[in-house]
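The structure displayed is predicted, hence computed values, not measured ones. By convention in this document, chain letters (A, B, ...) are assigned in the order of the sequence lines, proteins followed by strands, and residues within each chain are numbered from 1.
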Amino acid sequence: MLSLFIGSLGAFCALSFLDIPMLWMIAILGALDLWLVGGYISVAAIMGRHFEFLHGIFVLDPLGGFFLAILSVVAGAVVLYNFGEIRQRGETKLAAHQSSFSLGLTFAFIIAMILSVSGKNLGLIWVCVEGTTLISALSIGILNDKSALEAAWKYVILCTVGLSFSLFGLILIIHGATAAGFEPSLEPDALALMVAKFSPSLLKLAFILILVGYGTKAGFAPVHSWLPDAHSQAPAPTSALLSAVLLNCSLYAIIRTAGIMQAAGLGSFAKICLVWFGLMSITLATFFLLVQSDLKRMLAYSSIEHIGLAALGFGLGTPLSIFAALLHLIGHSAAKALAFLSAGEMVHIFHSHEMIRMVGAIRRMPVTGGGLALAMVVLSGMPPFSIFFSELLLIWAALTAGNIFLASLVLICLATAFSGIVFQGTRVLLGEDIQHHHHDESHDHNGVQDPGWAADDHIEEANVGFSWRRFSMIVLMIVVFIVPIFFFSPFQEAIVRIAEFIPGGLR
Amino acid sequence: MEWHDQLISWLGTFILITGFLTVIFRRFDNILTCYKFQSFALAFMTLIIAHQYGEAHLYGISLATFIVKFLLIPIWVMRVIVKIPGKLEDHASVGAAFSLFSAVALLLLSYIISRDILGINSEKVDDLAISLTLLLLGLYQMMTRRKAIIQMMGILFMENAITLAGITLAKGLPTVIEMGIIFDVLIGILVMITLVFRIQEAFDSIDTQNLKSLKG
């Protein structure tokens with residue numbers, strides 16, 4: 001089943017690179033494949049069914065199934081959005097990011113991420129995560145302008161260097177096995193049995209190297225510097241995948257490694273490292289969130305904040321905090337994908353990343369503006385949505401763990417981030433329509449380059465009727481509304497079952 | 001079995017020296033030559049270790065290292081270089097003497113770390129120290145060099161350091177993973193060369209000083 005799933009995606013990938021005439025069929029089939037087959041596989045995996053690919057090299061367990069579930073939902077919507085971009089190419093000169101090549105890259109990126117969450121062998125996870133870096137670097141640089149190239153170069157250099165350190169850490173673990181007289185292996189189950197006899201200092205160094213490496217990719221501060229650049233410069237589908245799925249994949253690799261540390265009796269060391277990285281990410285991201293004027297950059301810093309919160313939850317390592325962290329990942333991925341897709345649409349229509357240009361957007365573009373508004377409300381942590389509850393549970397978990405300092409620091413950061421996002425969001429979306437004023441400005445600055453922007457007086461939701469891009473946003477909006485049901489049984493029990501596979505969980 | 005160990009330690013020293021030379025050299029073709037020699041020594045060392053321990057899969061890895069890192073990558077990179085106009089001399093932000101001094105400091109640091117971690121009596125202290133030094137030298141090169149293509153060489157040197165650690169400390173990773181890593185290196189070079197080309201087109205230079213517009 002898993003082989004069929006990955007194989008069909010591979011076929012779609014190849015067909016889109018070939019640019020066959022019936023691209024719409026590829027896109028729709030790909031999205032359906034991701035939603036239905038991917039959804040079925042991940043639910044079955046969470047329920048305990050065993051899937052394997054390539055003679056058991058790749059296996060999917062409930063933890064992998066959880067990450068695959070998030071991936072499938074988001075990736076399906078992204079594929080449709082990407083196809084919507086290609087659809088528009090008839091009118092304008094064909095840009096690289098609007099060609100079928102970009103759809104092929106998106107499929108390849110999705111496949112690499114599916115492989116990395118269905119790897120159990122630590123070495124294999126590394127190979128796949130490095131693969132995602134290389135593929136996504138191409139799709140970040142696809143816009144081919146100067147800043148996109150800069151972002152792509154920084155991304156590929158920083159992440160490859162970080163992952164080199166991770167690989168070095170893995171080699172140290174293998175050395176630990178040989179030095180202790182065992183058959184070397186990177187299978188977590190085999191390692192868990194023998195890791196207690198390894199030298200603790202060697203394991204600690206290995207874990208720090210691995211954590212820093214994958215942490216670079218997950219966007220932990222202070223090694224996050226590629227993230228805002230890449231997220232803001234990439235085309236919208238890539239930004240959405242990077243933020244909503246790729247960061248989770250690196251977190252998955254970190255969780256797997258932390259499991260080894262737990263088995264070696266060094267679980268508390270691993271947890272402290274994770275808590276520190278999480279705390280640093282939250283504080284730093286909150287600070288930078290407040291001063292952004294670029295919409296996509298602000299969303300990127302919000303990603304750092306939320307990934308930091310999830311790391312904090314896994315780091316606290318109580319059943320409650322892990323439950324909260326898992327739910328936080330679901331809520332963040334759904335809302336962030338929606339945010340980046342609608343932000344991409346806004347950038348496309350307003351020809352600018354600057355939020356000041358988009359004032360009053362919701363009146364002119366009900367769907368896109370509404371999507372962005374909903375995403376921002378969710379991301380800021382407003383009550384009826386899931387992120388509010390998971391943040392509440394996280395703080396509660398920190399308090400019950402007796403860590404009042406941690407809880408209050410996180411609370412301050414969350415409140416600050418909340419006010420930052422709400423302030424920017426209300427200004428951009430609901431603010432007074434002062435379009436004419438900005439028109440004059442745009443004439444001064446780049447009226448010549450952007451005749452389209454300067455010419456029409458009323459910017460409105462691009463040509464009425466059915467649009468794949470808007471359709472994908474509406475799907476994600478529905479998903480965002482659905483997410484809070486995971487707090488109720490029987491869904492709650494499913495999450496608890498996944499939490500058992502995480503070190504410090506119920507097991 | 002004495003000659004195995006002796007030859008391995010000679011090769012290790014040779015690899016370390018090529019690593020030192022890379023931080024001193026300014027011109028790109030010299031650095032690439034260093035890389036070729038280092039990769040050759042690495043492939044040879046893998047062969048000897050394969051013979052010493054009778055590990056069949058290491059023969060394959062030795063061959064793959066030789067083909068990919070000694071033949072394929074240098075030829076590939078050379079073909080790109082001829083298309084980039086201008087002399088590929090790097091104005092590093094630090095001088096050669098300072099670089100050499102830093103390299104020695106990194107070597108000492110690596111020895112201290114590996115002795116602390118493995119214990120003073122472990123026979124693997126040298127191996128870990130050399131690979132850790134090479135890893136840090138690769139990082140040092142990426143931080144001090146400005147030309148994009150030389151930063152890319154830094155990544156290749158780091159990857160060599162990891163391969164060295166893999167064969168000396170762990171007697172090779174599992175074959176599937178080793179092949180995966182080599183595959184990743186190949187794709188990585190392809191992607192980075194593509195980016196270098198595009199940077200050259202967009203900025204008319206491959207100086208990474210130009211890549212500083214995104215901040216905050």
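Across B:S213 and A:E150, no two heavy atoms sit closer than the pair OG-OE1, 2.7 Å. Shortest non-hydrogen contact noted between A:W153 and B:M192 is CZ3-O, 3.8 Å. For B:I177 against A:G123, the heavy-atom pair with the smallest separation is CD1-CA, 3.7 Å.
Contact of A:N121 with chain B is made through the side chain alone, with heavy-atom distances under 4.5 Å. At a 4.5 Å heavy-atom cutoff, A:A177 makes no contact with chain B through either its backbone or its side chain. Looking at B:L135, only its side chain comes within 4.5 Å of chain A, counting heavy atoms on both sides. When heavy atoms are compared at a cutoff of 4.5 Å, A:S147 approaches chain B by way of both its backbone and its side chain. Interface residue B:T208: only side-chain heavy atoms are found under 4.5 Å from chain A. Proximity to chain A is limited to the side chain of B:I155, based on heavy atoms less than 4.5 angstrom apart. Proximity to chain A (any heavy atom under 4.5 Å) is restricted, for B:M142, to the side chain, taken from C-beta onward. In this structure, the portion of B:L139 lying under 4.5 Å from any heavy atom of chain A is its side chain and not its backbone. Heavy-atom distances place no part of B:L190 under 4.5 Å from chain A, backbone and side chain included.
Residue B:F197 qualifies as enclosed at atom CZ: its count of foreign heavy atoms under 6.0 Å is above 12. In B:K124, the NZ atom is crowded: over 12 heavy atoms of neighbouring residues, nucleotides or ligands sit closer than 6.0 Å. Atom OH of B:Y140 has more than 12 neighbouring heavy atoms from other residues, nucleotides or ligands inside a 6.0 Å radius. Around atom CZ of B:F70, more than 12 heavy atoms belonging to other residues, nucleotides or ligands sit under 6.0 Å away. Remark: A:F17 CZ is packed, more than 12 non-hydrogen atoms of other residues, nucleotides or ligands lying under 6.0 Å away. Atom CZ of A:F182 sits in a crowded spot, with more than 12 heavy atoms from other residues, nucleotides or ligands closer than 6.0 Å.
Looking only at heavy-atom pairs under 4.5 Å with chain A, the residue among B:V191, B:L132, B:D184 that has the most is B:D184. Options B:L173, B:V176, B:T168, B:D116 differ in how many heavy-atom pairs under 4.5 Å they form with chain A, and the most are formed by B:L173. Ranked by heavy-atom pairs shorter than 4.5 Å toward chain B, the options A:L167, A:V156, A:T178 are led by A:L167. Annotation: maximal heavy-atom pairing with chain A below 4.5 Å, among B:M152, B:K212, B:K171, B:E159, occurs at B:K212. Comparing A:I174, A:L172, A:L186, A:I173 by how many heavy-atom pairs each has under 4.5 Å with chain B, the most go to A:I174.
Separation of atoms CD1 (B:I113) and CG (A:L205) is listed at 7.0 Å; rounding is to 0.5 Å. Distance CG/B:L195 to OH/A:Y155: 11.5 Å, rounded to 0.5 Å. Once rounded to the nearest 0.5 Å, the distance linking CG of B:L128 with CG of A:L202 reads 8.0 Å. Here B:E201 contributes atom CD and A:K146 contributes atom NZ; the two are 12.5 Å apart, rounded to the nearest 0.5 Å. One finds the CG atom of A:L203 at 10.5 Å from the CD1 atom of B:I117 (value rounded to the nearest 0.5 Å).
At least one side-chain heavy atom of B:I162 sits under 4.5 Å from a side-chain heavy atom of A:S164. At a threshold of 4.5 Å between non-hydrogen side-chain atoms, the residues B:L211 and A:K154 do not count as touching. Under the 4.5 Å side-chain criterion, counting only non-hydrogen atoms from C-beta, B:L214 is in contact with A:R297.
Between the B:Q151 side chain and the A:I157 main chain, no donor and acceptor come within less than 3.5 Å of each other.
Residues of residues 127-141 of chain A that come within less than 4.5 angstrom of chain B, heavy atom to heavy atom, are A:V127, A:E130, A:G131, A:L134, A:A137, A:L138, A:G141 in numerical order.
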